[in-house]
Amino acid sequence: FTPTQNAISVAELTVGLILALARKIPAADRHVKGGGWNRQAHTGVELYGKTLGLAGFGRIGFLTAMRARAFGMNLIAYDPYIDPDAPTVAEARVQLVGLDELLCASDFVTCHLPSSQETRGMFTYDRFCQMKPSAFFINVARGDVVDEPGLVHSLQERKIAGAALDVRAIEPPERTALCDMENVILTPHVGAFTEEGQH
């Protein structure tokens with residue numbers, strides 16, 4: 001029995017989505033399967049030297065940080081309930097910051113927050129506007145922490161570069177503008193759906 005296996009599965013999906021956004025993998029795949037070969041149109045960015053902001057630094061946030069560390073990313077985290085002297089903070093070499101600072105400084109923001117009265121609707125249009133125009137947002141936690149119309153609005157106005165969502169407020173969700181955006185990756189809440197995770 002491996003009680004952390006589910007967390008490993010979610011952390012690995014998080015890193016996969018980061019890479020898929022950074023290197024435009026889904027869009028490039030669709031382009032080539034459609035007969036195209038435009039390499040310049042699918043120019044991505046490296047993870048090396050970029051800042052990953054982890055919103056939530058529990059088990060999944062920690063495991064994601066350790067994997068991102070291998071790519072040479074700088075790590076910051078927001079979690080008002082984590083002890084700054086916790087062993088995981090030292091082991092991952094993560095700097096704890098406020099949410100505003102995390103949003104402003106990060107090239108990738110990953111959400112690992114639980115759904116609560118405090119977190120529901122936390123990621124609004126105004127919050128996305130705090131991020132860099134070149135930054136990406138990834139949610140593998142709970143769908144209701146994101147104000148989806150606000151996310152759509154921020155993407156349409158190019159306030160952020162792209163997003164990946166494994167979770168939605170209502171599942172299965174209705175079709176929205178997110179489905180037609182090349183810079184958005186949508187998966188059907190498969191974070192824990194590995195053979196090991198399910199076992």
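Just the heavy atoms: all of them, side chains too, but no hydrogens, waters or symmetry mates, feed the values below. What you see is a predicted model; the values in this text were computed from it and never measured. Residue indices begin at 1 and follow the sequence shown.
Using modelled atom types and a 3.5 Å distance limit, the side chains of H189 and T187 yield no donor-acceptor pair. Counted by atom type alone, D147 and T124 present zero donor-acceptor pairs between their side chains at under 3.5 Å.
A heavy-atom distance below 4.5 Å is found between the side chains of L19 and F71. Looking only at side-chain heavy atoms (C-beta outward), T119 and S116 come within less than 4.5 Å of each other. Annotation: side chain of E174 is not in contact with side chain of I170 (no heavy-atom distance under 4.5 Å). Side-chain contact between I76 and V94 is absent, with no heavy-atom pair separated by less than 4.5 Å. Between M131 and K159, every side-chain heavy-atom pair lies at or beyond the 4.5 Å cut-off. Between F123 and F137 the shortest side-chain heavy-atom distance falls below 4.5 Å.
The backbone N or O of T51 sits nowhere less than 3.5 Å from a side-chain atom of S106 that would complete a donor-acceptor pair. Between the side chain of D126 and the backbone N or O of C129 there is no donor-acceptor pair closer than 3.5 Å. Between the D79 side chain and the F57 main chain, a donor and an acceptor come within less than 3.5 Å of each other. A donor-acceptor pair under 3.5 Å is absent between the side-chain atoms of Q198 and the main chain of E195, judged by distance alone. Remark: the backbone N or O of M122 is paired with a side-chain donor or acceptor of R127 at under 3.5 angstrom. No side-chain donor-acceptor contact under 3.5 Å links K132 to the backbone of I160. Proximity of a side-chain donor or acceptor of R23 to a complementary backbone N or O of E46 within less than 3.5 Å is not detected. In terms of modelled atom types and a separation under 3.5 Å, the side chain of D107 and the main chain of K50 share no donor-acceptor contact. The backbone N or O of R120 lies less than 3.5 Å from no partner atom in the side chain of D144, so there is not a single donor-acceptor pair. Between the R69 side chain and the A92 main chain, a donor and an acceptor come within less than 3.5 Å of each other.
The two residues R168 and L178 come nearest to each other via the heavy atoms NH2-CD1, 3.7 Å. Here the closest non-hydrogen pair linking T110 and I18 is CG2-CD1, 3.8 Å. Considering all non-hydrogen atoms of both residues, A192 and V10 come closest at N-CG2, 4.0 Å. Between R142 and V145, the shortest heavy-atom distance links the atoms O-CG2, 3.1 Å. Counting all heavy atoms, side chain and backbone alike, A65 lies closest to L75 at O-CD1, 3.4 Å.
Comment: D180 engages R175 in a salt bridge, judged by a side-chain N to carboxylate O separation of less than 4.0 angstrom.
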- Message: Determine whether R30 and E182 satisfy the following criterion, salt bridge (charged side-chain N to carboxylate O under 4.0 Å, His left out), listing intermediate values before the conclusion.
- Response: CA-CA 10 Å; R30 289 190 296 270; E182 281 281 291; 3.1 Å; yes
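The hydrophobic side chain of Y125 is isolated, with no ILVMFWY side chain under 4.5 Å apart from it.
Once rounded to the nearest 0.5 Å, the distance linking OG1 of T64 with CG of L52 reads 7.5 Å. With values rounded to the nearest 0.5 angstrom, L13 atom CG is found 14.0 Å from I8 atom CD1. In this structure, CD on Q130 lies 12.0 Å from OG on S154, to the nearest 0.5 angstrom.
Under the 30°/60° scheme for interplanar angles, the aromatic rings of F108 and F136 are found to lie parallel.
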